[in-house]
Amino acid sequence: MSSVGNLEPGSRHDLRVGISPDAPDETEVSPNVDGTFGYVHSYETSSRFDGPGLRVVLFVSGCLLRCNYCHNPDTWHLKDGTYVSVRKVLDRLSDFAPALRSLNGGLTISGGEPMVQLAFTRGILAGAKEMGLHTAIETSGFLGDRADDWFLSTLDMVLLDIKSSDPETYRRVTGRDLAPTLRFAERLAALGKRTWVRFTLVPGETDDPANVEGIAKFVAPMKNVEWVEVQPFHQLGAFKWKAMDLDYKLSHTPSAGPDLVNRVISQFREAGCHAR
Ligand code: SF4
């Protein structure tokens, strides 16, 4: 059993490793476990980029994808996170709740992948809603089949990362299958769940026009998708790969420049998406 630690404020750019060495492997967490406790990387208190209004963003540990451009490989494993209780998270969140409500913001749970520790994140989201906060997750959708109606009812919106429209590219870039993400997107569309799609633009990896076109055509008919957000790749996470002794293959990949970003945003718009 991991020992209970302190909920750490900070930034997604902070490196945190080896904090709970006896944590289970992230592949072993059942959605039905008691979610009273879970593993957290850190939290930020004043994001304006991870959903509407001013947001607290909680970065939970655990992800089953291995994106070759991941900025936060220290969120992949539960053992690198801090073991904390839902109660502790909600107590801390309550300090910010009046400001978040008055600035039309709320809580976004990111990671890592919020649906790895589904029972834990569901408890936090339900508690946030009881405080009158707007709630969101940022997810790859890979574990979307785990999301039951109860979990979805705790969410006001979803930030859904669609990393590619091409199964081969998706597998090469993430190590996993594309189909669960598309299935989850279709489910959100059928429910009319407010969604922002996010696309990480990585030169030489995801920037192929046909790849972008495929996502644009898939998303354009979905009335629940308010925005497609193009997120340019950067090297801010490179130091984490080095510090963790991981094989980082993108060390020579340039950041996505304005011309490329504009081309991709135009592609989404021409397909009928609201893109930025
Ligand atoms: S889904 Fe997100 S956290 Fe997981 S490997 Fe990909 S970029 Fe990293």
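Numbering of ligands and ligand atoms starts at 1, following listing order.
By the side-chain contact (heavy atoms from CB on, under 4.5 Å) test, Asp25 pairs with Thr27, Glu28, sequence neighbours left out. Legend: residues meeting side chain to side chain donor-acceptor pair (under 3.5 Å) with Arg198, ordered by chain and number and at least two apart, are Asp50, Glu138, Glu229.
Ring geometry for His71 versus His234: interplanar angle under 30°, hence parallel rather than tilted (30 to 60°).
Of all the atoms in ligand 1, the ones that sit under 4.0 Å from a non-hydrogen atom of Lys163 are 1 (S), 6 (Fe), 7 (S).
The list of salt bridge (Lys or Arg N to Asp or Glu O under 4.0 Å) pairs with a residue in residues 234-258, not counting sequence neighbours, reads Asp74-Lys240, Asp247-Lys249.
Under the 4.0 Å criterion applied to side-chain N and carboxylate O atoms, Asp148 and Arg146 are not assigned as salt-bridge partners. A salt bridge links Arg172 to Glu205: one of the charged nitrogens lies within less than 4.0 Å of a carboxylate oxygen.
Excluding water, every protein N/O/S atom under 2.8 Å from atom 4 (Fe) of ligand 1 is given here by residue and atom: Cys63 SG.
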